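Heads up: the structure comes next, in structure tokens.
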Amino acid sequence: MTPRTPQAGEEADDLDVEEALALVNDAHTPGDRPSGDRRRPNDGTHGNEGPHGTPASSAPVHRDGTDWAEARATAERAPRLRGGHRGGHLTPVSVPLSSALGLTLAGPLVALTDLPSFDTSAMDGWAVSGPGPWDVREKGVLAGHTAHAPLTDGEAVRIATGARIPPDTTAVLRSEHGRTDDNGRLHATAATRAPHTVSHGQDIRPRGQECRNGDQLLPVGTLVTPPVLGMAAAAGYDALTVVPRPRAAVFVLGDELLGEGLPHDGLIRDALGPLLPPWLRALGADVVDVRRVGDDEDALHQALRACDADIVVTTGGTAAGPVDHVHPTLRRLGAELLVDGVAVRPGHPMLLARFAEQQYLVGLPGNPLAAVSGLVTLAEPLLRTLAARPAPEGYTLPLRDAVQGHPHDTRLVPVALRGDRALPLLYNGPAMLRGIAAADALAVVPPGGAKPGHEAELLDLPWASGGIGVCFT
């Protein structure tokens, strides 16, 4: 398909209709990932482009709206600029281990005990004292039992993995390395050592081998993963001090939306109600409210005044039409408008505001893919800072095909990852979800477009990089 040149006053979103005539047909299954060493770090050194795909020699000129990269940076630093913690994150809380998964440590994880806290057996076998052969005690040593009497030279006792080593033990002889004779005496049989000998300390985990009481195990800012929970439990913790999940509310605006069934009589299905809550959860939010709000300024004003969430995400109503009530409502609330329009397609009329001290509103456009653009541009960096999560490491891959660009604005285009290349997907108009539904990432396309082989910055979709389960933690 030959892209046509935009005419004066024509928006790139209009051109998307022409691009959307066919979805790229590829025989591979969506979601194939390149190997880690094939991703190009986004260090801003490729070609003559800056770190966001814009010419490094001069800043892009925009007719209106904040530069896309600057809008993301504004959202990321917004919580740091007023009150709260210096890092901008929410006030730390103490939660039981069972509730800490996916949160960020607000204090270092310091060992509350030696690990192991006593000398333990690393294997099933016999605890032996001195050189063999050994007389074997009748009663063995099991994990979780109190300490046994000291061994004497030439004595052995059956021992289980994890059991406490009796005093005066020389070593543990593995079950497969020993045998008892007809008289019940134990002999070492391992082919790699001389008969009747064992190495001192063999297969014993000494007290404090992993850490000592007071050692720092993990620093502030560590993401709590399943292994971190295991480490914390082993180190003596019942609860952890963490940064809580930001509480998010979703207000789906509009009188034209249906919650079920087929579109009819000018009414359309609500696509963003099902899409946004799991996406916000994937970004680390605790979604506490999802509601429909009609095209009524007073209703929106009342809903925002009554909301105590850290972040409110609205859909639609961010432009200047007769039922676009977000801007007037923010003025009534005395909100501080931090971003009002972004030079990105789709999604130009997105916004970010601070209201009621430390609450934030991310206003998304009503078109589905435009709303996704606003989500990754404004909501993701804002939530990341509130939750004290580290920024994902940027990377680039070459585009397999050319992508038509907007003359002034950045474009975010759904792509599928195929080996060491990014395959641009069509059906990428602002009202479309067919392209993003098959995508692994969004490619950042600079003003003017990109040719085949262009090294594009990529924004991974959460489930493509972390698995679908990331949406439900």
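Owing to the predicted nature of the structure, the values given are computational and were not obtained by experimental measurement.
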- Message: When you measure from the side chain of D215 to the backbone of R212, do you find a donor-acceptor pair of N or O atoms at a distance under 3.5 Å?
- Response: yes
- Over all atoms of both residues, closest heavy-atom pair of V415 and A443: CG1-CB, 3.6 Å
- Task: Look at the side chain of R269 and the backbone N and O of L262, then say whether any donor-acceptor pair between them is shorter than 3.5 Å.
- Result: no
- Item | Over 12 foreign heavy atoms within 6.0 Å of CD, Q216 | yes
- Message: I'd like to know if the side chain of Q359 reaches the main chain of C307, judged simply by a donor and an acceptor atom lying under 3.5 Å from each other, with no hydrogens or angles considered.
- Response: yes
- Quick one: does N367's side chain have a donor or acceptor within less than 3.5 Å of a partner on A370's backbone? no
- Query: Can any side-chain N or O of T104 pair as donor or acceptor with the backbone N or O of A387 at less than 3.5 Å?
  - Reply: yes
- Shortest non-hydrogen contact from Y360 toward P79: OH-CA, 3.2 Å
- Before giving the answer on side chain to side chain contact (heavy atoms under 4.5 Å, CB included), spell out for L458 and Y395 the whole-Å C-alpha distance, their side-chain angles and the decisive distance to 0.1 Å. CA-CA 6 Å; L458 297 185; Y395 73 101; 3.7 Å; yes
- Query: Quick one: are M231 and L217 in side-chain contact, heavy atoms under 4.5 Å?
  - Reply: yes
- Query: Just wondering, do L378 and L352 contact through their side chains at under 4.5 Å, heavy atoms?
  - Reply: yes
- Mind checking whether I204 and T120 have side chains closer than 4.5 Å, heavy atoms only? no
- Task: Search all heavy atoms of M432 against all heavy atoms of L369 and return the closest pair with its distance.
- Result: O-CB, 3.1 Å
- Message: Using a 3.5 Å distance criterion without hydrogens, assess whether the side chain of R389 forms a donor-acceptor pair with backbone atoms of G102.
- Response: yes
- Item | Residue among L361, L383, L364 satisfying side chain to side chain contact (heavy atoms under 4.5 Å, CB included) with V313 | L364
- Task: Tell me, with the steps shown, if D401 and R421 meet salt bridge (charged side-chain N to carboxylate O under 4.0 Å, His left out).
- Result: CA-CA 9 Å; D401 302 325; R421 289 184 175 269; over 6 Å; no
- Electrostatic pair R247:D289 at N-O distance under 4.0 angstrom: no
- Message: To check you understand the geometry: which heavy-atom pair defines the closest contact between P381 and T377, and what is its length?
- Response: CG-O, 3.2 Å
- Side chain T74, main chain E70, donor-acceptor under 3.5 Å: yes
- Message: Using the rule given for side chain to side chain contact (heavy atoms under 4.5 Å, CB included), can you reason through N428 versus L412, listing the C-alpha separation, both sets of side-chain angles and the distance that settles it, and then say yes or no?
- Response: CA-CA 9 Å; N428 55 27; L412 300 181; over 6 Å; no
- Message: Using a 3.5 Å distance criterion without hydrogens, assess whether the side chain of D203 forms a donor-acceptor pair with backbone atoms of M123.
- Response: no
- Item | Separation of D420 CG from R418 CZ (nearest 0.5 Å) | 12.5 Å
- Using the salt bridge (charged side-chain N to carboxylate O under 4.0 Å, His left out) rule, take E76 and R72 through it: C-alpha gap first, then chi angles, then the decisive distance, then the call. CA-CA 6 Å; E76 182 177 6; R72 295 194 84 210; over 6 Å; no
- Would you say the side chains of T161 and D124 form a donor-acceptor pair under 3.5 Å? yes
- Quick one: which of D114, D119, T113 gives a side chain to side chain donor-acceptor pair (under 3.5 Å) with R207? D114
- For the side chain of S373 and the backbone of P346, is there at least one donor-acceptor N/O pair under 3.5 Å apart? yes
- Item | side chain to side chain donor-acceptor pair (under 3.5 Å) between D340 and H327, worked out | CA-CA 9 Å; D340 188 12; H327 280 92; 2.8 Å; yes
- Per the side chain to side chain contact (heavy atoms under 4.5 Å, CB included) rule, which among S99, S98, P92 passes with V95? S99
- Message: Looking at D460 and P462, would you say the former's side chain and the latter's main chain have a donor-acceptor pair under 3.5 Å?
- Response: no
- Please test L240 against L97 for side chain to side chain contact (heavy atoms under 4.5 Å, CB included), starting from the C-alpha separation and ending with a verdict. CA-CA 6 Å; L240 292 174; L97 295 186; 3.6 Å; yes
- Task: For V444 and L459, run side chain to side chain contact (heavy atoms under 4.5 Å, CB included): C-alpha distance rounded to whole Å, both residues' side-chain angles, the deciding distance at 0.1 Å, then the answer.
- Result: CA-CA 8 Å; V444 181; L459 307 174; 4.2 Å; yes
- CZ of R77: more than 12 outside heavy atoms within 6.0 angstrom? yes
- Task: List for me each residue that meets salt bridge (charged side-chain N to carboxylate O under 4.0 Å, His left out) alongside D324, sequence neighbours excluded, and say none if there are none.
- Result: none
- State, with a plain yes or no, whether a side-chain heavy atom of L338 is found less than 4.5 Å away from one of R354. yes
- Task: Please test R245 against D310 for salt bridge (charged side-chain N to carboxylate O under 4.0 Å, His left out), starting from the C-alpha separation and ending with a verdict.
- Result: CA-CA 10 Å; R245 288 182 176 86; D310 300 300; over 6 Å; no
